[in-house]
Amino acid sequence: MTVEREEQEYAAKTGRSRVLYEEALAVMPGGNSRTTTFFDPYPFYIQRGQGAHVEDADGNVRLDLNGNYTSLILGHAPPEVVKAAQEAAAHGLSFPGPTEHEIRLAELLTQRIPSVERVRFTNSGTEATMNAVRLARAFTGRPKIAKFEGAFHGTHDWVMVSVTPDPKAAGGRQRPKPIPWSAGLPPAVAKHVVVLPWNDAEADEVISFRVAPGGAQERFGARPDLTTLGKIIGGGLPVGAFGGRRDIMDFYDPRRGGARISQGGTFNANPVTMAAGVATMNALTPDAYARLDALGERLRGGVTRLLEATRRKGHVTGVGSLFCLHWTTAPITDYRSTRPKDPDAPMRVFLGLLNEGILLTQRGMGAISLAMTEEDIDRFVNALARVLARG
Ligand SMILES: Cc1ncc(COP(=O)(O)O)c(C=O)c1O
């Protein structure tokens with residue numbers, strides 16, 4: 001099926017979302033506050049989420065393998081996290097000072113990630129990477145930063161470079177040219193960001209922290225000086241964190257002569273997020289990771305067998321509860337090798353899966369939650385088979 005046919009089928013199922021979208025257009029550019037979640041013809045409006053599923057404004061229920069872009073490792077509205085957030089909220093939503101919840105989440109993170117000797121909280125992964133870049137510059141005294149081609153690290157100037165560049169405009173494979181990802185970036189950004197091709201395990205913990213109790217750095221044996229975190233550590237509420245070596249993090253120590261780097265933030269480490277984060281971390285036991293790994297293996301195995309059986313040009317990659325579909329035949333070795341041969345393929349599959357009752361991300365990345373069962377994983381593989389069969 002073409003993208004247009006999938007769009008027609010989607011539109012037929014989402015009439016109420018279309019009405020809401022039109023209302024949104026009157027008050028927001030493109031009806032939207034979050035560029036990454038927009039897709040043509042319009043996004044569906046979510047009414048509620050429970051466990052492994054989300055329900056939209058038209059009553060369509062979909063298996064959610066997007067998980068708010070990998071944040072919801074326990075699924076939607078897990079009772080223990082909702083309870084912790086409600087209890088914290090009942091005592092006050094935010095304060096002009098620290099709470100004990102912040103210490104408890106910091107303890108859990110520093111215990112789980114040995115390289116993170118000290119940590120500070122933010123409201124988003126964007127703020128976490130912004131602070132990590134500033135801190136790295138302050139500590140090394142060097143202005144340039146390196147960033148991997150094709151990697152997203154949020155929406156502050158220094159990382160909005162070469163996120164989805166067209167290889168034709170982006171120079172040689174080994175020495176990619178920095179390509180601004182947005183209007184409004186100052187020329188200094190391209191001058192001070194060195195773009196590298198990624199190859200193997202890149203410890204980028206905003207997403208990959210979910211692959212083991214100590215994150216990807218535990219799984220791949222890395223000990224970085226600084227780590228940025230986000231997504232799952234807030235239990236579904238807005239969050240970010242950055243941490244690392246104590247002597248480096250001391251740039252933020254406000255005692256005595258004052259901090260060398262100031263990090264304010266009205267809602268940093270707010271008690272509701274911190275309490276939800278603690279409840280989530282406590283639910284992530286070794287058994288929980290083993291279950292996520294097993295579901296991930298089942299999914300990747302099922303998709304690989306499907307692609308082989310149907311001779312489709314594709315791969316599935318991933319580790320633990322994370323996976324990504326790639327519509328190419330070439331082995332995946334760097335950003336450029338992930339670019340689909342047929343540029344419509346990711347959107348056709350995304351919309352096709354929506355029509356089959358499955359929510360993924362537009363680019364084909366997905367995340368398994370603990371609310372899922374083996375039957376859910378098989379449902380995804382079978383739905384993908386039907387989408388590919390009509391393409
Ligand atoms: C690797 C990475 N870094 C940073 C971010 C930005 O986090 P946030 O969306 O919380 O600002 C993301 C979000 O998807 C991410 O995947």
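Here, residue 1 is the first one in the sequence, and each next residue gets the next number. Indexing begins at 1, ligand by ligand and atom by atom, following the structure's order.
Heavy atoms from other residues, nucleotides or ligands lying under 6.0 Å from CZ of Arg173 number more than 12.
The nearest protein atom to atom 14 (O) of ligand 1, hydrogens excluded, is given as Lys231 NZ, 2.7 Å; this is a heavy-atom distance. Atom 11 (O) of ligand 1 has its closest protein heavy atom at Thr126 OG1, 2.6 Å. Distance from atom 4 (C) of ligand 1 to its nearest protein heavy atom, with residue and atom name: His153 C, 3.2 Å.
Of all the atoms in ligand 1, the ones that sit under 4.0 Å from a non-hydrogen atom of Ile207 are 16 (O). Close contacts of ligand 1 with Asp204, meaning ligand atoms under 4.0 Å from a residue heavy atom, involve 1 (C). Listed by number with element, the atoms of ligand 1 under 4.0 angstrom from any heavy atom of Gly125 are 6 (C), 7 (O), 8 (P), 10 (O), 11 (O). The atoms of ligand 1 that sit less than 4.0 Å from any heavy atom of Ser124 are 10 (O), 11 (O). Each of the following atoms of ligand 1 lies closer than 4.0 Å to a heavy atom of Gly154: 4 (C), 5 (C), 6 (C).
Residue pairs that meet the salt bridge (charged side-chain N to carboxylate O under 4.0 Å, His left out) test with at least one member in residues 145-157, sequence neighbours left out, are Glu149-Arg336.
Using a 4.0 Å heavy-atom cutoff, Phe152 is listed among the residues neighbouring ligand 1.
Atom 9 (O) of ligand 1 lies below 4.0 Å from none of the non-hydrogen atoms of the protein.
Between Phe39 and Tyr10, the ring center distance clears the sub-6.0 Å criterion.
Screening Lys13, Arg5, Glu7 for a side chain to side chain contact (heavy atoms under 4.5 Å, CB included) involving Glu9 leaves a single residue, Lys13.
Ile261 and Val116 fall into different hydrophobic clusters, where Ile, Leu, Val, Met, Phe, Trp and Tyr residues are linked whenever their side-chain heavy atoms come under 4.5 Å apart, directly or through other members.
Within the cation-pi definition used here (under 6.0 Å to the ring centroid, within 45° of the axis), Arg62 qualifies as a partner of Phe44. Trp327 does not carry Arg348 over the face of its six-membered ring by the limits of under 6.0 Å from the centre and within 45° of the normal.
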